[in-house]
Amino acid sequence: MSRFRLYDLNPEQQRAATHETGPLLILAGAGTGKTRTIVARITWLVSTGTPASKILAVTFTNKAAREMKERIAGMLTEEQAADITASTFHALCMRILRADADKLGYKNNFTIFDEGDQLGLIKKVINRVTAKDEKLDPGLAKNLISKAKNNGWAPPQDDETVIGAVYSRYNRELHALNAMDFDDLLVQAVKLLNDHPSVREKWRSRFSQMLVDEFQDTNRLQLDLVSLLASGEPPNICVVGDDDQSIYGWRGAEVSNILEFEKHFPNPEVVRLEQNYRSTNQILTAANRLIKNNPRRRAKNLWSPNQGGDPVHVVAVPDDKREAEFVIGEAGAIRNAGGLPWEHFAIIYRMNAQSRLLEENLRRMRIPYRLVGGKSFFDRREVKDILATITCLVNPQDDISLLRIINTPPRGIGATSVEIALEQSAKIHRSLFDTLTDPAFEPEVSRKTAAAIRSFAEDLAATRIHLLTPGADACAIVSGYLEESGYFDDLKRSCKTPEEALNRESGAKEILNALANHQSKRRGSVQDFLDELSLNREREEDKKDDSKGVTLITLHAAKGLEFPHVFLIGAEDGLLPHERSKSEGTVDEERRLFYVGITRAMKSLTITHCRNRMKFGSAMHCRPSPFLKEIEGEGVHAESHEDIMSKPAAEEDVAMSFANLRAMLSAE
DNA sequence: CAGATGTTTATTTTT
DNA sequence: TAAACATCTG
């Protein structure tokens, strides 16, 4: 009987990987080999007799699920790896619901509303429910509804409050459209499992071991789902997380899920991973000093056997412009001195707006960079337009998409006509499209408008027939339609700079390419294409993480990543912690955010703060972040921009030009 | 109806 | 600053 090979796990990791049955809580500090441990555990489970098909691993992002699958694939046979279920919460719920949603009164082919669709429907409902000048911000309503769903609050029976009325009306409309929003996927899956023992048993017996990654980010519904699915007595549930990295409280994540894990799953084995394999001790010390100021946490102390390394630099700079210049200059110096690739550097900030100055500088200096996050690709106007067009072609009954494209490009169907049609459609309980194409509607609008509507509907219908013909080239048909309808011309015309036009064009191309790809590679229908996009909104470009250059990224998006050299900019009071967090009493979460930022760094960390910063177009005076006081101490050096600039960079220059030369030679 | 011009507002965003 | 949105004018 050969002993299980434990790779190079440390004793704690080993204990976690080889835990047999019952609840297991792995408190995995930043950089402590969390993924390695999960993967080792899955491998161990399989090698000790758990059928691979009975293992369920749940993550938050598609990326995490994909990476987990990849790493498992390296450890097991192809067949075993393929048998393991590694999926996001939402995709798992989708699977559960696709099989049995009819038991909840949905059709099993329900559609998924993404945030855009959701907002569109909410706007519509607000118009319907509230009086003309009773304004309710749709974005706010969306957040409140989401919060309500995640807290398990049913819509009120009466329509006493405006928001209550909007909530219940919104839910009814969604249901009538046979649609679910992201929150519904969880709400309804939990409901299904709760109310239907047969379904519950089916899924509980499907899996015998369950693992949940990033448990500190789970919300109440996700905890419910986990409780419902975890099988065994006591349940075989393994959760991995770090309460110190809980930064999604504003999204409904409940740190209490991990803080009070014992309450939900009694007598768990608790394993603490505290040995850090990522950062120098100097960086870890700073991180530890900071995070211990948080109350309500599971005390941890990250340590690393490797002493030494550069001190953490805290640099005061005059303003945001010079901050950008400074960090890029420093990155360049480190790069040249060590002959390093730009991929080793990341600049991390609190708000997306901060990336602008950095981008300008990087572009001017011809330094490659990749911007992570920001406004999603799918929020770009041209992408939304094109997706709405495709949706309408597949399903003209989709009012939200129809509204988006009905007068884009301008085709003579203006707001007033649309308003009339909307009212009419509510009255006769039919879709907007059906209302518009009903001969009875014609007298409601001017002759000219009626003709415009007829022409629009005819074009749409004709294209739809082409598109739904088996074997049709969907991409060509959609492009053709967009061209002929004048959409591309309109798009180009609306751009102020040629640069923007080029940008929009590439966005349009990208989404159309994705459609072509989907068709040729997976031979899927156009409907499949839309479905998949709503659950898996990643760009091909993001999937392969090999895009070169300096990484520009927000603190939130940086969680889970690491970089040899990190610059954390804008460490100012009001920005980090954000002004708003102070009024909302969530400064602890800001501290965790700062902690996440610090712990991304492997070799060097430079933190900057400005004395003045442009905010909303005017210069504002800034005080350093109070968090900087908390990390003060041995291994953390505070300097000012002036000190550094007046110091001659003597020997480094020589090394620099040398390294420069070498880098240039090896690059070509 | 369409295009132009003024007004308001301002985190973070896994699905 | 800039982008989304409301309001005005031809």
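Side chains are part of it too, since the values below use all heavy atoms of this structure and drop only hydrogens, waters and symmetry mates.
Comparing B/dT12, B/dT14, B/dA2 against the side chain of A/M351 picks out B/dT12 as the nearest. Taking every side-chain heavy atom of A/R350 into account, B/dT12 is the closest of B/dT12, B/dT15, B/dG3.
Ring-base stacking between A/H556 and B/dT12 is not satisfied when judged by a centre separation under 5.5 Å and a plane angle under 30°. You cannot call A/F60 stacked on the base of B/dT15; the centres under 5.5 Å and planes under 30° rule is not satisfied.
Between A/N219 and B/dT14 there is no side-chain polar atom (N or O) within less than 4.0 angstrom of OP1 or OP2. Considering only side-chain N and O atoms, A/N352 lies under 4.0 angstrom from the phosphate OP1 or OP2 of B/dT12. Side-chain nitrogen and oxygen atoms of A/S581 include none within less than 4.0 Å of the OP1 or OP2 phosphate oxygen of B/dT11. Within the structure, a side-chain polar atom (N or O) of A/S417 is placed less than 4.0 Å from OP1 or OP2 of B/dC1. At the phosphate of B/dT11, neither OP1 nor OP2 sits under 4.0 Å from any side-chain N or O atom of A/T554. Regarding contacts with the backbone of B/dT15, a side-chain N or O of A/N62 is found under 4.0 angstrom from either OP1 or OP2. For A/R356 and C/dA2, the shortest distance from a side-chain N or O to OP1 or OP2 is below 4.0 Å.
In this structure, A/F261 has its ring center under 6.0 Å from that of A/F215. Aromatic ring centroids of A/H556 and A/Y248 lie under 6.0 Å apart. Annotation: A/H578 is not in aromatic contact with A/W250 [ring centroid separation under 6.0 Å not met].
Judged by distance alone, with hydrogens and angles left aside, A/R251 brings a side-chain donor or acceptor within reach of the base of B/dT15, the pair sitting under 3.5 Å.
The residue A/R592 sits apart from the nucleic acid: no heavy atom pair falls under 4.0 Å. Contacts of A/F89 with the nucleic acid, taken as non-hydrogen atoms under 4.0 Å apart, are absent.
Residue A/R623 qualifies as open at atom CZ: its count of foreign heavy atoms under 6.0 Å is 12 or below.
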